[in-house]
Amino acid sequence: MLEIQILRDQKARAVAGLKKRGFSEERLLAIDQIVSLDDQRKDLQTQLDVLLNERNTLSEEIGNLFKSGKAQEANQLKVKVQATKDAAEALESKLQETKAALDALLVTLPNIPHTTVPEGKTPEDNKVHKAWEGALPTLPANAIPHWELAEKYNLIDFKLGTFLTGSGFPLYRGKGARLQRALISYFLDQARRAGFEEIQPPLMVNAESAYATGQLPDKEAQMYYVEKDDLYLIPTAEVPVTNMYRGQIVAESDLPIKLTAYTPCFRREAGSYGSDVKGLNRVHQFDKVEIVQFEHPSRSYDTLMEMVSHVSHLMDSLELPYRILHLCGGDMGFTSATTYDFEVWSAAQQKWLEVSSVSNFESFQANRMKMRFRDDKGKMQLVHTLNGSALALARIVAALLENNQTEKGIRLPQVLVPYTGFEWIGEES
RNA sequence: GGAGAGAUGCCAGAGUGGUUGAAUGGGACGGUCUCGAAAACCGUUGUACGGGCAACUGUACCGAGGGUUCGAAUCCCUCUCUCUCCGCCA
């Protein structure tokens with residue numbers, strides 16, 4: 001969540017940023033309300049502290065009186081203490097109310113977009129940061145979409161997945177399953193080479209974790225929830241991996257902390273039926289390798305571009321056409337300050353599919369998580385958190401199958417061959 | 001799942017109602033000593049939220065949340081987690 005200090009000291013920036021996200025004048029009032037509630041909170045806190053101090057002083061006196069055998073006087077003082085206790089109790093509950101109101105308002109404010117974030121409301125307004133300059137693949141006349149290829153070569157069984165679980169839960173088999181495993185290994189190896197420590201996190205998290213990275217309360221409907229144990233299936237490895245440092249104070253010299261994890265991701269995608277859900281385009285369970293960084297605020301934007309570059313290299317090496325979008329204010333995620341989306345060209349479907357999202361959250365998540373470091377002046381500071389997909393598998397597989405289909409079968413990019421153990425799907429050579 | 005034990009500062013570990021934000025030891029940091037280092041000795045070593053230009057100061061925090069009390073790390077309740085034993089089990 002946003003630091004109140006930013007709302008106080010940099011109100012103009014906050015207003016401009018939230019307007020970029022499409023905030024109405026009315027919703028912007030929340031800023032002033034928050035500041036005013038925070039003032040109230042401080043005032044109540046001060047009053048309460050005075051009363052508590054009074055109580056503590058009197059209690060000490062009572063103790064001393066009892067020690068010196070003056071029980072009578074002590075009992076008189078007890079009566080006096082009662083009054084301050086009652087007053088303190090009233091203040092305390094008022095303070096709690098104020099804090100609750102403050103928090104309720106604060107969680108409704110999304111992160112302030114970085115100044116470079118393009119203006120705009122819808123995905124159409126996203127700015128192309130890097131267009132694809134090469135040629136798009138030309139397919140044979142009888143080219144088919146990936147879900148048909150998957151069936152033709154017996155790589156993915158959508159029907160069986162539906163039978164076992166429900167729609168949106170594909171079952172990979174044979175070379176399809178091996179391709180999945182190969183991609184995961186390849187991506188993890190590349191991340192490790194780039195200095196990321198490999199993590200295998202739990203696939204379910206508790207509410208505190210989901211809250212810290214911003215899935216709660218904002219995106220509750222997106223997550224599968226295990227009611228009996230009060231746990232959430234992770235929608236991305238970002239959640240458990242970022243939370244590894246929840247509440248932690250690290251040394252400045254520890255930064256940046258670079259972590260990577262492969263996990264399945266579970267997303268309910270409630271309400272998104274209809275278009276775009278065919279085949280692997282939008283599924284409830286998919287595999288993803290995530291990269292996460294905790295960085296010094298002064299370096300976080302350089303780091304963001306490094307992560308963008310890392311993902312670019314992956315796409316290049318897979319020989320897939322892609323473009324990079326700089327998301328506009330209206331299309332950005334709630335917690336993000338800047339997001340670059342990667343879209344792969346799906347040649348048979350003739351459309352761009354999102355395969356990676358690289359974001360800088362600045363101090364937004366760190367503030368919720370209370371992850372800090374001590375700077376060179378000895379002051380506590382919130383770290384900046386960043387993450388990105390590197391990469392999300394399902395749609396990459398869709399593009400690999402479609403774009404590389406030939407009369408003889410599907411030819412995989414060279415970098416994958418050591419991982420798959422085969423170069424061709426459909427052609428036994 | 002059943003029975004028992006426990007949860008204290010960076011770590012280990014005291015503390016069972018009244019200067020306990022917390023003994024002691026270790027670690028870390030600073031200093032003295034030394035050509036340098038080790039050893040020894042001295043000192044420092046929390047977070048959050050307030051007030052103050054500042055020195056400083058108030059409040060809260062000993063797993064979490066409630067309660068008892070003038071006063072709680074210390075007593076009571078609930079929850080979470082850890083350990084030991086039993087059961088089950090990849």
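Proteins get letters first, then strands, A, B, ... in listed order; numbering begins at 1 in each.
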Could you tell me whether the phosphate oxygens of B:U69, OP1 or OP2, come under 4.0 Å of any side-chain nitrogen or oxygen in A:Lys78? no
May I have the distance from A:Gln248 (atom CD) to B:G46 (atom C1'), rounded to whole angstrom? 15 Å
Hey, is the side chain of A:Arg374 poking within less than 4.0 Å of OP1 or OP2 on B:U47, counting only N and O atoms? yes
With a 6.0 Å cut-off on the ring centroids, do A:Tyr245 and A:Phe294 count as close? yes
Say you pick atom C1' in B:A7 and the same atom in B:A12; how far apart are they, in whole Å? 15 Å
B:A39 and B:G21, which share atom name P, separated by this distance in whole Å: 34 Å
Determine the Euclidean distance between corresponding C1' atoms of B:A14 and B:U24; express it in Å to zero decimal places. 7 Å
Can you tell me how far P of B:U47 sits from NZ of A:Lys370, to the nearest Å? 15 Å
Between C1' of B:G50 and CG of A:Leu51, the distance in whole Å: 14 Å
Donor-acceptor pair, distance only, cut-off 3.5 Å: does the side chain of A:Ser185 make one with the backbone of A:Arg181? yes
When you compare B:U80 with B:G66, how far apart are their C1' atoms, in angstrom units rounded to a whole number? 15 Å
What about A:His296 and A:Phe373, are their ring centers closer than 6.0 Å? yes
How many whole angstroms separate atom CZ of A:Phe373 from atom C1' of B:G46? 19 Å
Report yes or no: is the cationic atom of A:Arg21 (NZ for Lys, CZ for Arg) under 6.0 Å from the centre of the six-membered ring of A:Phe23, at an angle within 45° of the ring normal? no
A:Gln414 and A:Glu423 side chains, donor-acceptor separation under 3.5 Å: yes
Answer for the Watson-Crick or wobble partner of B:U47, both distances under 3.5 Å, is B:A60
Taking the minimum atom-to-atom distance to the side chain of A:Ser59, which one of B:U59, B:G71, B:G51 wins? B:G71
Quick one: A:Asn206 CG to B:C81 P, roughly how many Å, whole number? 10 Å
Using atom CG of A:Leu58 as one end and atom P of B:G71 as the other, report the distance to the nearest whole Å. 11 Å
Gap between atoms CD1 and P, on A:Ile249 and B:G9 respectively (whole Å): 13 Å
Could you go through the side chain to side chain contact (heavy atoms under 4.5 Å, CB included) check for A:Leu280 and A:His146 one step at a time? CA-CA 8 Å; A:Leu280 293 174; A:His146 69 270; 3.5 Å; yes
Mind checking A:Asn56 for me? I need base, sugar-phosphate or nothing, with any heavy atom below 4.0 Å counting as a touch. sugar-phosphate
When both hydrogen-bonding distances must be under 3.5 Å and the geometry is Watson-Crick or G-U wobble, what is B:A73 paired with, if anything? none
Which base, if any, makes a Watson-Crick or G-U wobble pair with B:U19, both distances under 3.5 Å? none
Lys/Arg N to Asp/Glu carboxylate O, A:Arg299 vs A:Asp302, below 4.0 Å: no
Between B:G51 (C1') and A:Asn53 (CG): distance, integer Å: 12 Å
Looking only at atom C1', what distance separates B:G36 and B:C49, rounded to whole Å? 47 Å
Which nucleotide wins on minimum distance to the side chain of A:Phe66, given the candidates B:G18, B:G50, B:G58? B:G18
Of B:U47, B:G58, B:G51, the nucleotide closest to the side chain of A:Met380 is B:U47
Any side-chain N or O of A:Arg55 under 4.0 Å from OP1/OP2 of B:A60? yes
OP1 or OP2 of B:A48 less than 4.0 angstrom from a side-chain nitrogen or oxygen of A:Arg372, does that happen here? yes
By nearest-nucleotide position on RNA chain B, the 5'-leaning member of A:Thr57 and A:Asp38 is A:Asp38
On RNA chain B, does the nearest nucleotide to A:Leu52 precede the nearest nucleotide to A:Gln45 from the 5' side, or the other way round? Give the residue. A:Gln45
B:G50 to B:A40 separation - C1' atoms, rounded to the nearest Å: 44 Å
P atom, B:U69 versus B:A28: distance in rounded Å? 48 Å
Rounded to whole angstrom, note down the P distance from B:U57 over to B:A64. 27 Å
